[in-house]
Each structure stands twice: as C-alpha cells, then as structure tokens.
Amino acid sequence: MNHRNIFEAVDKTFQDLMHDAEGHIFGGKTILLGGDFRQTLPVVVKGSREDVVAASISRSYLWSKCQVFILKTNMRLRNNNLSLQMAKEIEEFSEWILKLGEGRIPTKSLSEYDESSWIEIPKDLLIENNGDPIQQIIESIYPDVTTRYAEPNYLRDRCILNPTNDCVDSVNHAVLSRIPTTSRIYASADTVSPVSESSIEQDLNYSMEYLNNLEVSGVPNHLLELKVGVPVMLIRNINPSKGLCNGTRLLVTGLEPMLIRATIITGSKIGNKVTIHRIIASSAPTKWEFILRRRQFPLKVCFAMTINKSQGQTLQHVGIYLPRPVFSHGQLYVAVSRITTRKGLKILITQEEDEPIGYTKNVVYHEIFNGLPTGTSLDEDQEIQV
Ligand SMILES: Nc1ncnc2c1ncn2[C@@H]1O[C@H](COP(=O)(O)OP(=O)(O)OP(=O)(O)O)[C@@H](O)[C@H]1O
C-alpha cells in the first residue's frame, strides 16, 4: 500500500489541473483505488506501529470522501467445473486466508511477555524440518529443477517466499547452483555523490570495497550472477508500456557483455522478448551521508523473493520458508494469498527451542480495520458509505 501522502499529492495535482477553486477531491474527477488493508502497509523508515497506521490512506482526509466497494470472491482460487466437495474445500481455504489476514485465527502466547500472535498452521500445509530446511523447501517447490528448469511454465508458476533478503539470497544461491548452464557474473561500477552541496569532498572518500559491499533496497547488488534459463525480477520501473515494471519477472535467454536478453513471464506482456541494459540506481538521500550511485542491471534472481516483493504475484506452487517469523502487518497473509490451490502451498517453519511446533507468528495491526467493513461480514451486493 502506498503512503497516504502519495494520494494526497495526486489530489492536489488534480485540483491544480482542473483549476478547482471549490476544493472537490481530485478536482472533481472520479478515481478508482484498489487495495486490501490485510496486506502490508506503507513502509515508514524507523517508524512505529502508530506511524505506519497513520500513513495509510484510511487516515487521510480523502478517506471520508471515498465510497467503499467490497470484492468478495478470491479469483485466484476460483475454478470452474468443481464438485460440491471441492467447492466447499476452496470456500473453507478462502475463509481461512481471510481469517488469517484479519487476525481472526485463535492465537497463542509463548510467555507472559510475548504478544499473543502465534497461530497454528494446518498440518497438510506444513513441511516438517528435518535439519536441512533450504534443501527441503527447494525439493518441494522446485522438484527436479536441474532437468525441468527449461520446461515451459515450470519456473513461471513457482516461487519460494521469505520474510528477509538475506534468506532470499541463500535460497537463490542454492537453486542457481543446480542449474546446469554456464554462469556469468556482472559486477557493478559504484560511485558516490554528496547529499548536499555543503558536504566536504573528503567526506566522500570511501574505499571501493566498502561501496561494493553496500546493499540497499531498490538498488541491485554489486555482483549479479546469472545463467541462461534462470528467472529474474526487475527491481526498477524501466518501461511500463512495454511491461517492464518493478516486480515483473523474466526468464534469461542470453547473457552478453553489455546487455541481457530475456522473455517476460508475468504481467500483461507475457512472452515478449526484451533486452535489459545497465542503469544507474541511486540510494535514497536519507539513507547515508552520501548517495550511492551504482551502474548495474536492475535485476535480481527470483527462485525466491521477499514476501513484500511477492505482492501482486499469482503462483501455482508457493513455498513459504520461515527461518524466523514474519515481523510486520500483513506479511503472512500476502504470502499465503499468492496461491491458486491449497495443495500448491507449503510452509516450512524453523522453530526455536521454546517455540511450539507447527506454529508461527501472524502480525496483524487490528486498528487498521477500524471503521472498515470486513470481506466476510457483509450481505451480498452491500455497498458501504464510509
Ligand atoms: N474477473 C476475473 N476473472 C478471472 N480471473 C481473474 C479475474 N480477476 C482477477 N483474476 C485472476 O485473479 C488473480 C489475481 O488478480 P489481480 O492480481 O488483478 O488481483 P489483486 O487484487 O491485484 O491481487 P493482490 O493484491 O492479492 O496481488 C490473477 O491471477 C487474475 O488473473
């Protein structure tokens, strides 16, 4: 979900464009916004729970002017020609996902100091940890990847989801090593520039090794190891009209010194062949006392991706690997709701000694739903004026 400031800026821009002196929101234009408060909320750097909730659109002056319509059918799980039994199972699974997202599943606390937010995962979704969880989750989601990676749709339909980037990198590295094609490593060219004119030049005297080791969200890593046949994700908007957006997944078809050839496997331009060039990606001015400018392909290998990054994806085989529990509102809900069938979802939890087997943390900021209708408590066709 975007920060409410973004919607408010669009509102002001429309008012300016429409010369709307009477202050109608969005200059009197009808705007359709789509979203789900069960999903992850705006990111507020170093923000508290209150800051995050306050940044959501439901806390904006715009919200009281919005008319809310509820979408009630989980289209990912929908399937035609179902037996009554199968339809019932899908309905139950769909309801379990909603309950999880709204924090309506009974929870357990581990100690008197622990917030009670541990939920039991149904046994059929669990993979039992036998001591080598990364290999287990790979075997489950990418069976026979060494030989099957070249099958059409094999890689498009599956992904492993993790809460954090370090774990994503470990899983990606492990699957990449199983792909039998030759690898090519692309190294970035890194430079720094001052955040402001007042910065002293000698303040920017960082060693290249130090700069190369920096990792920052939205900026590709210094070293990018790729092979023909592996799936990658764009981490920047390159050309939305050609389907090249932040989050688009591609299959690598050619590795050349100055460009990478690939085929789009998600979004509205599936099947299109594209070439990706290096770009200069910069860190945010608020991140460090300098701006890192890195020249690299804006790509990341994506056998695995973070849960936050998976928002928007639809997949037939999802492995949720939790070496540690999720840590912010909506992450577990986003992860479990990427799936098109219950049997395609597998969850592997690495338990600490004091944690109950088969349980994991579900973080839900209940106050975000205040004043909002829930997806299940409404009569058919009911509209809500908030
Ligand atoms: N009217 C429809 N008929 C058939 N399939 C649909 C329809 N609407 C959506 N879908 C399918 O449901 C899935 C989810 O759609 P979409 O990504 O548009 O939803 P979303 O609300 O943006 O999802 P999320 O926010 O959970 O990522 C996609 O696989 C899409 O093809």
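Order of listing sets the numbers, starting from 1, for every ligand and every atom in it.
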Practice item. Would you check, one step at a time, whether the test salt bridge (charged side-chain N to carboxylate O under 4.0 Å, His left out) holds for D124 with R342? Key: CA-CA 9 Å; D124 64 304; R342 180 179 184 129; 2.8 Å; yes

**Study point:** R184 vs E225, salt bridge (charged side-chain N to carboxylate O under 4.0 Å, His left out): CA-CA, chis, key distance, verdict
**Key:** CA-CA 6 Å; R184 178 162 203 158; E225 181 181 3; over 6 Å; no

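With F327 as the aromatic partner, R324 does not meet the cation-pi criteria of under 6.0 angstrom to the ring centre and within 45 degrees of the ring axis.
In this structure, G312 is part of the shell of residues with a heavy atom less than 4.0 angstrom from ligand 1.
Note on ring orientation: taking the six-membered ring where Trp is involved, the planes of F369 and H329 are tilted (angle from 30° to 60°).
In the displayed structure, R278 atom CZ is contacted under 6.0 Å by more than 12 heavy atoms of other residues, nucleotides or ligands. For E22, the CD atom sits in a loose shell: 12 or fewer heavy atoms of surrounding residues, nucleotides or ligands are nearer than 6.0 Å.
Remark: ligand 1 atoms within the under-4.0 Å shell around heavy atoms of T314 are 13 (C), 14 (C), 28 (C), 29 (O). Under a 4.0 Å criterion applied to the non-hydrogen atoms of R338, ligand 1 contributes the atoms 24 (P), 26 (O), 27 (O).
By the 4.5 Å heavy-atom criterion applied to side chains, M258 and H277 are not counted as neighbours.
Here the protein heavy atom with the shortest distance to atom 5 (N) of ligand 1 is M75 CE, 3.9 Å. In this structure, the protein non-hydrogen atom closest to atom 15 (O) of ligand 1 is R76 NH2, 4.6 Å.
The nearest protein heavy atom to atom 1 (N) of ligand 1 is closer than 4.0 Å. Distance screen at 4.0 Å: atom 23 (O) of ligand 1 has a protein heavy-atom neighbour inside the cut-off. There is a protein heavy atom less than 4.0 angstrom from atom 13 (C) of ligand 1. Counting only heavy atoms, the protein never gets under 4.0 Å from atom 31 (O) of ligand 1.
Distances between N or O atoms of Q39 and those of ligand 1 include at least one value under 3.5 Å.
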